[in-house]
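Report on the structure given below.
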Amino acid sequence: MTLAAHPGTPHPSDARGRRIPRVPLVIVSGVVALLLLAGAFAWRAHARTNKVALAASPKPVTVVAAKAQPFRVVRLYVGELRPWIEAHVGPQFISAYVKTVLVRPGAVVKENEVLATLDCRYANEETAALSAQAKAIARRQRAIADQAARTRSMLDGGFVSENETELVTASSESQAAELEAQKANLSRSVLDVNDCILRAPFDGEISVRLVDPGSFVRPGTEMLAVVDRNTVRMTADAPEADFDAIEPGASVTVHVLAINIDIPAAITRRAPSADPGTRTVHFEIDIANSSRRIPVDTTGEVRVPVGNPAPATAVPLKAVRIDDDKATFFTVEGGVAHTRVVIEMGEVGPDVFFPPEALVAGTEVVLEGQALLNEGDQVIAKSAPIPPPGGAGSIKGPRGSP
């Protein structure tokens with residue numbers, strides 16, 4: 001049976017014929033879009049490529065102006081801040097267990113204040129026994145002495161012989177000697193008992209605590225350390241060649257590293273001779289410390305000015321490369337960097353000093369960016385503030401050690 005097509009319905013072959021041309025059109029459109037996108041990326045990459053050589057580009061640097069500042073040689077010695085008095089407290093005559101420790105580091109103590117006690121029951125019993133023995137010997141000695149007196153009184157009447165009198169007298173003297181020996185033993189035992197109570201030898205502070213209750217200590221064992229730091233002694237050693245520079249009364253500056261402060265002071269005392277092994281001269285500076293701000297057993301630096309100030313030009317140490325006494329740095333003139341090698345006069349704080357005729361004040365010196373510079377490079381200079389000067393002086397020179 002043959003079915004007739006509806007007049008308004010398209011024939012299937014006609015529909016396939018109309019859809020087939022759309023496939024190539026989509027493919028062609030996608031290819032064109034990809035080509036356009038690739039072309040855009042290529043153009044963008046090409047446009048951003050730097051056509052100028054890096055070596056020919058001006059290099060950005062930061063510069064500072066060298067400034068005129070007087071220079072004075074300052075000797076620097078490293079030493080130690082010591083307490084005025086220091087005592088290591090512990091038993092001297094007896095071995096015993098620690099019973100109590102009443103203080104800890106930082107405690108403020110007074111002279112004769114009890115710091116610790118030891119368990120000395122054996123020493124106490126021994127002292128009591130020696131005391132009883134001494135009393136017994138004393139009574140026997142008195143009895144024998146009375147007997148000797150009576151015997152001597154009967155000698156004149158002929159009631160006793162002279163030999164018997166001498167024997168009784170010798171026995172009395174022997175008992176007296178034995179009594180003195182017993183008293184000496186008793187005194188030694190009393191010292192042992194007194195050694196069981198450890199007291200502060202002077203007004204001060206506890207700096208070290210090394211034992212706790214229950215520890216066993218022997219003679220010479222350090223249990224506690226007491227320091228008096230109302231006055232601090234700055235101790236240092238200088239080379240023998242600087243003997244005249246550290247004479248008593250010379251003005252100095254002490255830098256306390258622990259709290260980062262500078263203290264004006266004067267040299268208090270100086271040894272009359274040098275150490276044969278190190279060839280250094282010991283000197284000390286007394287610093288008032290009633291506020292107890294300065295810690296002891298810490299490091300300090302002593303700066304001693306030598307000679308008179310001289311004209312100089314200062315440059316930040318950060319801008320300079322030091323090799324022995326020669327300094328290398330870059331200056332900027334007309335947008336061009338130039339290498340300079342100059343013999344330095346000395347250094348202090350953040351600055352290095354040069355003779356004014358070798359480096360004129362006001363010259364622009366490269367502070368940052370010099371690592372990438374060569375002689376004659378073009379630069380773009382940006383000014384930077386000069387760091388605060390460290391003051392006239394120099395830390396160049398001999399250094400002592402504590």
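Counting begins at 1 with the first residue of the sequence.
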Derivation of the side chain to side chain contact (heavy atoms under 4.5 Å, CB included) call for Met223 and Val98 = CA-CA 10 Å; Met223 296 174 57; Val98 178; 4.0 Å; yes
Determine yes or no for a side-chain-to-main-chain donor-acceptor pair under 3.5 angstrom, with [X] supplying the side chain and [Y] the backbone.
X	Y	value
Lys59	Leu372	yes
Arg199	Asn112	yes
Asp228	Asn230	yes
Thr280	Ala238	no
Arg209	Val103	yes
Thr231	Ile287	no
Glu113	Lys110	yes
Arg340	Ala358	yes
Asp242	Pro239	no
Asp275	Gly277	yes

Got a second to check how far [X]'s [atom1] is from [Y]'s [atom2], nearest 0.5 Å?
X	Y	atom1	atom2	result
Asp203	Glu205	CG	CD	11.0 Å
Asp262	Asn260	CG	CG	7.5 Å
Gln378	Leu373	CD	CG	11.5 Å
Phe329	Glu344	CZ	CD	11.0 Å
Thr253	Leu76	OG1	CG	11.0 Å
Met234	Glu284	CE	CD	10.5 Å

Carefully, step by step, assess Val281 and Asp237 under the rule side chain to side chain contact (heavy atoms under 4.5 Å, CB included).
-> CA-CA 5 Å; Val281 180; Asp237 298 286; over 6 Å; no
Closest approach of [X] and [Y], non-hydrogen atoms and distance?
X	Y	value
Pro201	Val226	CD-CG2, 4.4 Å
Thr62	Ser383	CG2-C, 4.4 Å
Thr268	Pro248	O-CB, 3.9 Å
Leu118	Ala96	CB-CB, 4.1 Å
Gly346	Phe71	CA-CE1, 3.8 Å
Pro311	Pro356	O-CD, 3.5 Å

Is [X] salt-bridged to [Y], going by a charged N under 4.0 Å from an acidic O?
X	Y	answer
Asp119	Lys99	no
Asp297	Arg82	yes
Lys318	Glu368	yes

With a 4.5 Å heavy-atom cut-off, do [X] and [Y] have their side chains touching?
X	Y	answer
Arg229	Leu81	no
Glu240	Thr278	no
Phe202	Ile85	yes
Ile285	Val254	yes
Val320	Thr328	no
Phe330	Val332	no
Leu224	Leu210	no
Gln69	Asp351	yes

For side chain to side chain contact (heavy atoms under 4.5 Å, CB included), just list the numbers for Thr298 and Leu257, CA-CA rounded to whole Å, side-chain angles, deciding distance to a tenth of an Å, and then say yes or no.
-> CA-CA 8 Å; Thr298 56; Leu257 270 67; over 6 Å; no
Residue Arg321 excluded, over 12 heavy atoms near CZ under 6.0 Å =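 No, not enclosed.
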Does Phe216 CZ have over 12 foreign heavy atoms under 6.0 Å away?
->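 Counting neighbours around CZ of Phe216, more than 12 heavy atoms of other residues, nucleotides or ligands fall under 6.0 Å, so yes.
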Axial cation check for Phe243 ring with Arg270, 6.0 Å and 45° limits | yes
Could you go through the side chain to side chain contact (heavy atoms under 4.5 Å, CB included) check for Val315 and Leu367 one step at a time?
-> CA-CA 9 Å; Val315 172; Leu367 181 65; over 6 Å; no
Step through it carefully: locate the ring centre of Tyr77, locate the ring centre of Phe283, and say whether they are under 6.0 Å apart.
-> yes
Verify the distance criterion only: is there a donor paired with an acceptor across the side chains of Thr363 and Thr331 at less than 3.5 Å?
-> no
